[in-house]
Each structure stands twice: as C-alpha cells, then as structure tokens.
Undergrad: 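Quick one: the structure is below, and I'll ask about it shortly.
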Amino acid sequence: MASTSNEDLFKNIISHSREYGFIFQSSEIYDGLSAVYDYGQNGVELKKNIRDYWWKSMVQLHENIVGIDAAIFMHPTTWKASGHVDAFNDPLVDNKDSRKRYRADVLIEDHVAKMEAKIQKEVEKARTRFGDAFNEHQFRATHVRVLEIQQKIDAINQRFKTALETGNLEEVRKIILDLEIACPVSGTRNWTEVRQFNLMFSTQMGSVSEDASTIYLRPETAQGIFVNFLNVQKTGRMKIPFGIAQTGKAFRNEIVARQFIFRMREFEQMEMQYFVKPGTEMEWYHTWKETRMNWHRSLGFPEGKHRFHDHLKLAHYANAACDIEFEFPFGFKELEGIHSRTDFDLGNHEKFSGKKLQYFDPDLNQGYIPYVVETSIGLDRMFLAVLSQSYHEEKLEDGSERVVLRIPSFLAPVKCAVLPLVKKDGLPEKAREIMDRIKFDHLCMYEEKDSIGKRYRRQDAIGTPFCITIDHETLQDNSVTIRYRDTMLQERIPVTQVEEILMEKVDMATPLRQLT
RNA sequence: GCGGUAAUAGCUCAGCUGGUAGAGUGUCAGCUUCCCAAGCUGAAAGUCGCGGGUUCGAAUCCCGUUUACCGCUCCA
C-alpha cells in the first residue's frame with residue numbers, strides 16, 4: 001500500500017467490485033437510487049457463503065439455537081412496543097449558517113418558555129410590591145401586559161398544535177420565522193425547510209380503516225424474533241438458555257447514507273437473540289463477545305484488524321453493549337454489535353399485547369421474563385470487510401501486475417475453474433467431462449477462450465482459489481494441473497484426486513471445526 | 001441536510017478559448033498458441049448523467065436536477 005493511499009485503494013475496490021460483477025448500483029440505468037445497491041453474479045455467491053458460514057456456526061453448531069424467518073411486515077404495534085415509533089418522530093430544521101440541526105418543536109417550545117419567564121418576572125415584581133395581599137391568580141387574570149403575553153403564548157401553542165396534527169411542516173417553519181427565532185450559535189434566522197425524520201419506511205396494507213392500514217418495513221429483524229419467542233420456545237421445547245437466529249433484510253431511512261455498501265437504506269442483518277435467566281446476562285454477554293470475536297478471527301485475517309469498542313453511553317434498553325470493529329480502508333468501523341438488552345423488549349411486548357411472554361423455570365418453580373443477549377452483525381458490512389481485506393494489487397517478478405482477491409477458499413464465489421489448455425485436439429471435451437463430475441458439489445466455471453495466462457488472471461480477479469488445467473498429457477495418463485490462486489504455484493495430480501482435494505480445501509466444515 | 005469536487009465506449013481517460021466524438025484496454029467472431037494478461041485479422045459498442053437556457057451551432061458557456069466522492073453534521 002506504499003504507492004496507493006487508503007482512499008485510492010477503497011475507490012479501486014469499489015470499481016473492481018462493479019467491474020467483476022460483485023456490486024452494482026441500484027437502478028443504474030435511471031441514474032441510480034441513493035444508498036441502494038444490487039449484488040451481481042459473483043456478489044450474490046460471496047454473500048450467500050458468508051451467510052451460510054454464520055448460520056452454520058450459530059444454528060448447526062449450537063444445539064440450543066434454532067433459526068426462524070419472520071416476515072418483514074409486522075403488526076404496527078410491534079414498533080410502538082419496541083420504541084421505534086416514538087423515538088423517531090421529530091421535526092428537524094437546520095440553520096444554514098451555523099450548520100447546526102435542531103428539533104423544530106424544541107425551538108418553539110424554548111421560545112414559549114422565554115415568554116412564560118417574562119410573565120413570571122412580572123408576577124414576582126408584583127409580589128414584592130403588594131406583599132401579603134398579593135393574589136397571583138387575580139393578577140394573572142387582570143394584568144394587561146401579562147394577559148397580552150399569555151394570549152400570544154396560547155396563539156402560538158394552538159397554531160403549533162394544529163400544524164403538528166395536520167403534519168404541516170411548512171407551517172412549522174413559518175412559526176419559527178414569525179417568532180423571529182434565531183440560531184443560538186450563528187444568531188441568524190437562515191433556516192432550511194422543516195423535515196420529518198422518519199427512520200422507518202411505511203406503506204399501506206389493504207384498503208381498510210386508516211390506522212390499521214399503515215405498516216412499516218422493519219428497521220431491525222430482532223422484533224420478529226421477540227414476537228415469536230413463545231412460539232419457538234413451546235413448539236421446540238426449548239429450555240433456557242436458548243437462542244433464536246435470523247437473517248434478513250431491514251430498512252432504515254438514513255439521513256446520510258454513505259461509504260458504498262457500509263451504510264445502505266436496505267440492508268441485511270444476521271441476528272441471534274439469546275434468552276437467559278435474569279442475573280446471568282453478564283456472564284452470557286461476555287461469553288458471546290468472545291464467541292463472536294473467534295468467529296471473525298477464524299477467517300484468518302491479520303491480527304489487529306478487529307477490536308472491541310465498549311459503549312459507555314448505553315441505550316435505554318441495554319445494561320451492557322459493545323461493538324466488534326473492523327479496520328476498513330476508511331478506518332475502524334462497527335461490524336457487529338453485542339448488546340445485553342435486559343427484559344426490555346419482551347417486557348414491552350407483554351405490556352402492549354397483553355399476552356404473557358414468560359418462561360416457566362422448573363428449577364425455580366416460577367415464571368419470569370427472560371433477559372436477552374443479542375449478537376447482531378451486518379451481512380453487507382461483513383461482505384465489505386471480506387472484500388476489502390481480500391483485495392490485493394500485486395507486482396509480480398516479471399514486472400507485470402495482477403489484481404487478486406484472496407478470499408478464504410470456503411467463501412469464494414467460484415470454487416474452481418476448469419480450463420482446457422487449448423481449444424482443440426479433444427481437450428475441451430475432456431475438460432467438459434471433468435466439469436460434469438465436479439459441478440454437483442461446487443460452483444465451477446468452464447472457460448476455453450484466450451490464452452491460459454489471461455484465464456488465470458480473470459479467475460484471480462474474482463477470487464477463484466483453484467484452476468484445473470487439461471492438456472495433452474491428460475488425454476494419455478489422466479493427470480491435470482492444479483494451480484493455486486494465492487501462490488500461483490502448479491501441481492500435477494491424477495484427475496481422480498481433483499474431487500478429493502477440492503472437497504478438503506473448500507469445505508466449510510474445516511473452518512467450522514476450529515470454532516468448537 | 002449544508003459546503004466543495006466530479007460525471008464522455010464495459011473500464012481508464014483525451015477532447016485547448018463553442019464548429020456534428022477519439023485513444024488505450026476490455027468485449028465478441030475467427031486464426032495462432034503445450035501453462036501466467038500484451039501474436040494476427042475483423043466486428044460491435046457513446047443522443048458526452050438528465051432537463052432547460054444562451055447561440056446560426058453546445059461534450060465545451062449559464063441555470064436546475066440526479067448520482068458519487070471529500071469535509072461538516074447526525075447515528076436509538
């Protein structure tokens with residue numbers, strides 16, 4: 001990386017992933033859609049393999065963890081209970097000069113508070129003047145100046161209330177302008193439009209009554225697990241502690257969405273909620289921190305690419321939280337979150353649904369709402385981590401250059417390329433024969449065009465770990481050349497060994513074994 | 001969201017102060033080739049991001065818009 005800055009490197013990774021069919025911008029022919037991306041023919045394979053590796057490590061390797069696939073649409077009350085509806089419903093406004101962002105309602109309320117302070121000042125003045133004979137109620141009802149201010153306050157409040165209720169944000173802005181509210185930082189009244197920041201995308205379901213028809217696209221997959229807690233626990237006869245895993249799309253209407261696929265409006269999460277006995281959550285929190293870090297390390301990336309970042313400021317529902325950060329080309333950023341979520345979610349769903357969401361503990365002979373330890377990883381971020389860690393621009397001994405993706409073999413989109421050395425003398429037919437044998441176990445690619453060197457480089461560029469080359473010798477003694485992506489070394493092996501070698505080197509079971 | 005920069009063939013870019021678009025590479029077809037991208041022949045490919053304006057004439061100047069990148073801001 002001596003000659004290439006990290007910024008250039010990241011740009012190269014982005015254009016490489018487009019050029020070789022990993023990531024395309026959404027709706028590109030219509031100039032794209034901001035912060036939405038599509039996975040291409042190689043991207044979808046890599047993404048699927050990462051998802052599989054996660055799924056196997058969580059569900060297949062833990063007898064007490066099972067998976068579900070909950071719908072993206074959920075009953076609207078779900079998001080009331082989770083806190084998502086109320087927490088993200090604020091009208092926002094920016095001051096163009098100071099570039100500070102404010103909640104429009106807070107600006108107006110602060111202004112009203114100042115006016116009320118004026119009244120209070122008059123009241124206090126009068127109180128000292130009249131002494132014991134002072135009747136505050138009467139004073140407020142009769143004093144001309146106080147009445148005047150109070151009328152203004154009432155008018156503002158009424159106007160503001162109506163504006164909010166009708167969702168008239170332009171009116172909210174007019175109120176701010178009419179009140180001549182200035183930015184405390186810049187002192188100017190140069191305001192942007194008032195915007196409602198909605199975290200959640202909404203849509204309509206059916207054509208029935210107004211309230212019930214607005215539904216949201218889930219901003220996190222976790223709630224699908226919480227609302228199914230009892231279903232899974234009962235039908236699976238799960239005993240605490242146990243976990244429910246899920247992968248799936250989530251949607252967030254981010255204000256600023258940037259850095260390629262790092263922050264997208266539509267993205268995929270891989271989450272596992274682990275239900276534990278209250279009081280044991282910290283123990284499990286630490287266990288899962290370690291388990292998840294081991295999973296990341298099992299990919300064989302260099303030491304020091306991952307680190308923990310403990311949260312000091314905790315969300316209202318958590319009593320411990322940390323991130324696993326990865327060193328992307330643009331710095332250390334959050335890849336996975338591990339949160340001790342207490343009984344906040346299940347407790348709230350119990351409250352809102354009126355259904356008892358408890359686990360009966362036979363040891364204690366009583367029921368309780370379990371505590372939850374969550375592991376939540378962004379699949380797209382993981383994809384970006386693998387891609388940026390694998391991408392290498394190399395200068396070879398002969399002076400030429402190659403771009404190679406050193407993707408861990410078991411995650412590579414294409415496992416093996418089958419290449420006849422030349423396109424004649426029966427070599428293509430022989431190659432097809434071999435291809436037809438191994439294609440049932442692995443995604444393979446057959447190529448006969450261009451020189452063998454070109455074909456090797458093309459496979460390097462998409463991260464194919466092995467190339468099998470068929471030459472004239474193959475026709476005589478059934479031996480082939482296997483060529484390794486990372487070292488570019490070649491070996492002569494009997495064709496009968498191809499399947500065996502492939503199976504050993506790309507099988508997901510090998511890295512999974514390291515995890516236990 | 002604010003400010004700055006950019007957008008021309010799949011990719012990397014050239015196109016000077018306005019005169020009807022070009023290279024390298026890649027792609028495709030064929031020939032050649034016994035192991036690491038650069039041999040030969042031929043072909044396809046762009047209403048110059050989009051919309052408007054100025055002009056006899058706009059890839060080029062002006063305005064708007066979309067998308068991306070950088071900085072700021074935000075991030076339950």
Side-chain angles (χ1 to χ4, degrees), chain A residues 7-8 10-12 14-16 18-21 24-37 79 82-90 92-103 185-186 190-195 197 199-200 219-220 222 252-260 263 311 313-318 321 330 333-334 337 339 341 344 394 396-404 419-425 427 448-461 467-475 480-485 487-492:
Chain A
E7 202 175 293
D8 287 340
F10 187 46
K11 278 188 180 149
N12 292 350
I14 293 170
S15 57
H16 186 87
R18 181 195 142 57
E19 194 170 347
Y20 288 92
F24 306 121
Q25 190 174 21
S26 165
S27 324
E28 204 181 60
I29 61 168
Y30 293 110
D31 291 330
L33 188 61
S34 184
V36 185
Y37 291 89
W79 308 110
S82 70
H84 286 86
V85 171
D86 295 329
F88 296 93
N89 230 353
D90 308 322
L92 299 174
V93 64
D94 293 87
N95 183 272
K96 288 182 188 172
D97 299 307
S98 65
R99 294 175 186 175
K100 291 286 173 199
R101 169 167 298 149
Y102 301 91
R103 280 174 53 177
V185 177
S186 67
N190 191 6
W191 298 105
T192 62
E193 289 179 15
V194 176
R195 298 173 315 276
F197 169 45
L199 166 89
M200 293 191 287
E220 62 174 24
R252 294 184 193 182
N253 203 359
E254 302 282 352
I255 311 174
V256 280
R258 249 189 240 174
Q259 270 156 340
F260 196 39
R263 178 165 287 130
H311 289 198
K313 227 175 70 190
L314 295 173
H316 56 288
Y317 57 74
F330 43 87
K333 295 278 177 187
E334 178 188 352
H339 297 224
R341 290 182 78 132
F344 176 85
E394 288 183 344
L396 301 177
E397 282 175 11
D398 64 1
S400 67
E401 290 178 9
R402 77 160 179 166
V403 173
V404 55
L419 316 168
L421 189 57
V422 291
K423 199 172 40 171
K424 59 178 184 185
D425 303 337
L427 297 189
E448 59 182 27
K449 189 166 159 51
D450 291 319
S451 73
I452 191 71
K454 257 188 188 176
R455 282 178 277 167
Y456 284 155
R457 298 300 173 83
R458 273 205 290 263
Q459 295 301 325
D460 289 341
C467 292
I468 302 292
T469 305
I470 287 80
D471 56 20
H472 290 82
E473 228 180 301
T474 311
L475 299 177
V480 294
T481 303
I482 182 166
R483 180 260 191 192
Y484 298 94
R485 174 194 69 196
T487 58
M488 297 172 71
L489 293 177
Q490 318 188 126
E491 269 183 292
R492 196 81 202 173

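Naming convention: chains lettered A, B, ... in sequence-line order (proteins, then strands); numbering from 1 in each chain. On a predicted model such as this, the values are computed, not experimentally measured, just so you know.
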Undergrad: Using a 3.5 Å limit on both pairing distances, list the dot-bracket string of RNA chain B from the 5' end; Watson-Crick and G-U wobble pairs count, crossing pairs take [ ], interstrand pairs take |.
TA: (((((((..((((.....[..)))).(((((.......))))).....(((((..]....))))))))))))....
Undergrad: List the atom of A/T474, the atom of A/T469, and the distance in Å for their closest heavy-atom pair.
TA: OG1-O, 4.4 Å
Undergrad: Reading nucleotides 40-52 of chain B from the 5' end, what letters show protein touch, with B for base, S for backbone sugar-phosphate only, - for no heavy atom under 4.0 Å?
TA: ---------B---
Undergrad: Which parts of nucleotides 25-38 of chain B does protein reach within less than 4.0 Å, heavy atoms only, written one letter per nucleotide 5' to 3' as B for base, S for sugar-phosphate only and - for none?
TA: -SSSS---BBBBBS
Undergrad: Which heavy atom of A/P420 sits nearest a heavy atom of A/R455, and at what distance?
TA: O-NH1, 2.8 Å
Undergrad: Within the pair A/S34 and B/U66, is there a side-chain N or O less than 4.0 Å away from OP1 or OP2?
TA: no
Undergrad: Without decimals, in angstroms, what is the distance between A/N253 CG and B/G1 C1'?
TA: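 Computing the A/N253:CG to B/G1:C1' distance gives 13 Å.
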Undergrad: So does A/R263 reach the base of B/C75 with its side chain, donor to acceptor, closer than 3.5 Å?
TA: yes
Undergrad: Indicate whether OP1 or OP2 belonging to B/A68 is found under 4.0 Å from a side-chain N or O atom of A/Q25.
TA: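 Checking B/A68 against A/Q25, a side-chain N or O does come within under 4.0 Å of OP1 or OP2.
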Undergrad: Rounded to whole Å, please give me the gap between CD1 in A/I29 and C1' in B/A9.
TA: 17 Å
Undergrad: What is the nucleic acid contact for A/F260, judged by heavy atoms within less than 4.0 Å: base, sugar-phosphate only, or nothing?
TA: sugar-phosphate
Undergrad: Mind checking A/A35 for me? I need base, sugar-phosphate or nothing, with any heavy atom below 4.0 Å counting as a touch.
TA: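 Counting heavy atoms under 4.0 Å across all strands, the contact made by A/A35 is with sugar-phosphate only.
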Undergrad: On RNA chain B, nearest-nucleotide positions of A/V36 versus A/H339: which is more 5'?
TA: A/V36
Undergrad: Any side-chain to backbone donor/acceptor pair from A/R263 onto A/A35? Under 3.5 Å, distance only.
TA: no
